[in-house]
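Below: the structure, in structure tokens.
Note that the coordinates shown come from a computational prediction; the quantities given were computed from them, not determined experimentally.
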Amino acid sequence: KWFGLATRARVIIYNKETVSPEELSTYEDLAGATWQGRVCIRSSSNVYNQSLLASIIASSDEETAETWAKGIVNNMSREPEGGDTDQIKAVAAGECDVAVSNHYYLARLIASQDPAENEVANAVGIFFPNQTDRGTHVNISGAGVVEGAPNRENAIELVGPELHAAFG
């Protein structure tokens with residue numbers, strides 16, 4: 001058995017000055033000509049982007065996913081650098097118009113005590129793509145306990161006492 005402990009929606013962050021949310025629709029659309037030179041995204045070696053690509057394969061096929069990945073590369077405004085917060089900051093700074101990011105990085109900027117980070121958060125909007133088909137991709141962090149675990153009780157306690165009943 002395993003339990004999802006945290007979810008991370010893979011959203012589109014957009015610059016409020018240069019993009020209207022009505023222009024946004026799907027992850028796949030970001031690979032189109034409209035977004036040439038306007039996209040920021042972290043490296044393809046990042047697990048968040050790998051799982052997004054896997055979800056495109058699962059919802060369509062490998063050829064569609066490969067075409068999407070090549071389109072994203074063609075539409076990047078700069079080489080991938082940094083993490084999701086860096087992508088959001090690049091959108092706010094006008095280095096790109098849109099970025100793919102996990103939603104909680106924006107939440108961190110909104111909740112920050114640093115006025116500069118609040119300014120970044122205020123400059124961007126959040127869009128949940130693919131609402132007319134498969135929905136926004138969500139990564140899940142989970143925990144489980146292997147049935148034959150040598151320290152089963154300790155593992156269950158680590159996962160959380162409230163889950164103890166579920167693991168039996």
Side-chain angles (χ1 to χ4, degrees), residues 2-60 65 67-143 159-160 162:
W2 70 274
F3 290 87
L5 301 174
T7 57
R8 297 164 176 88
R10 202 86 183 125
V11 298
I12 298 172
I13 301 295
Y14 64 92
N15 185 306
K16 290 180 184 177
E17 296 292 320
T18 60
V19 175
S20 166
E22 291 78 27
E23 296 176 75
L24 300 167
S25 60
T26 65
Y27 300 108
E28 293 81 359
D29 186 55
L30 294 180
T34 300
W35 300 102
Q36 179 126 26
R38 300 174 70 190
V39 177
C40 282
I41 193 164
R42 49 192 306 178
S43 170
S44 62
S45 65
N46 177 263
V47 69
Y48 299 143
N49 288 336
Q50 291 171 358
S51 63
L52 174 58
L53 185 63
S55 78
I56 294 172
I57 293 170
S59 68
S60 53
T67 299
W68 175 78
K70 287 178 180 177
I72 291 295
V73 169
N74 289 335
N75 288 348
M76 290 190 304
S77 65
R78 60 172 170 77
E79 291 293 314
E81 59 184 67
D84 281 3
T85 302
D86 299 303
Q87 309 318 307
I88 296 169
K89 289 179 178 180
V91 170
E95 293 178 41
C96 48
D97 291 328
V98 295
V100 178
S101 173
N102 285 345
H103 77 287
Y104 73 94
Y105 289 102
L106 179 58
R108 285 181 179 173
L109 294 171
I110 292 168
S112 175
Q113 298 301 310
D114 181 348
E117 290 189 345
N118 299 148
E119 190 175 319
V120 167
N122 290 330
V124 301
I126 186 170
F127 185 83
F128 290 81
N130 293 80
Q131 291 303 297
T132 60
D133 52 40
R134 70 181 183 276
T136 299
H137 175 71
V138 175
N139 291 306
I140 300 173
S141 294
V159 171
E162 66 277 356

>> Which residue is it: V120, D84, I13? I am looking for the one with a side chain to side chain contact (heavy atoms under 4.5 Å, CB included) to K89.
In response: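 Of the listed residues V120, D84, I13, the side chain to side chain contact (heavy atoms under 4.5 Å, CB included) partner of K89 is V120.
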> Which residue, I12, T18, N75, forms the side chain to side chain contact (heavy atoms under 4.5 Å, CB included) with V98?
Replying inline: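 Exactly one option meets the side chain to side chain contact (heavy atoms under 4.5 Å, CB included) with V98, and it is I12.
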For the [atom1] atom of [X] and the [atom2] atom of [Y], what is their distance to the nearest 0.5 Å?
X: L24; Y: L30; atom1: CG; atom2: CG; result: 7.0 Å
X: L52; Y: I72; atom1: CG; atom2: CD1; result: 8.5 Å
X: S44; Y: L53; atom1: OG; atom2: CG; result: 9.0 Å
X: E81; Y: M76; atom1: CD; atom2: CE; result: 10.5 Å
X: D97; Y: T34; atom1: CG; atom2: OG1; result: 11.5 Å
X: L106; Y: T85; atom1: CG; atom2: OG1; result: 9.0 Å

Test your reading of the model: is there a side-chain donor-acceptor pair from [X] to the backbone of [Y], 3.5 Å cut-off?
X: S60; Y: I56; answer: yes
X: N15; Y: E17; answer: yes
X: N49; Y: R42; answer: yes
X: H103; Y: V11; answer: no
X: Q50; Y: Y48; answer: no
X: Q87; Y: G83; answer: yes

> Crowded around E23 CD? As in, over 12 foreign heavy atoms under 6.0 Å?
Replying inline: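 Enclosed: over 12 neighbouring heavy atoms sit under 6.0 Å from CD of E23.
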> Do other residues, nucleotides or ligands put more than 12 heavy atoms under 6.0 Å from K16 NZ?
Replying inline: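 For K16, atom NZ is crowded (more than 12 foreign heavy atoms under 6.0 Å).
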> Got N130 and T26 here, is their nearest side-chain heavy-atom distance under 4.5 Å?
Replying inline: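 Yes - at least one pair of side-chain heavy atoms lies under 4.5 Å apart.
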>> Could you tell me if the side chain of R8 sits less than 4.5 Å from the side chain of S141, heavy atoms only?
In response: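 Answer yes - side chains close enough.
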> Where do C96 and V39 land on the side-chain contact (heavy atoms from CB on, under 4.5 Å) test, with the steps shown first?
Replying inline: CA-CA 6 Å; C96 48; V39 177; 6.0 Å; no
> Which atoms form the tightest heavy-atom contact between L5 and A143, and what is the distance?
Replying inline: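 Reported closest heavy-atom pair: CD1-CB, 3.6 Å.
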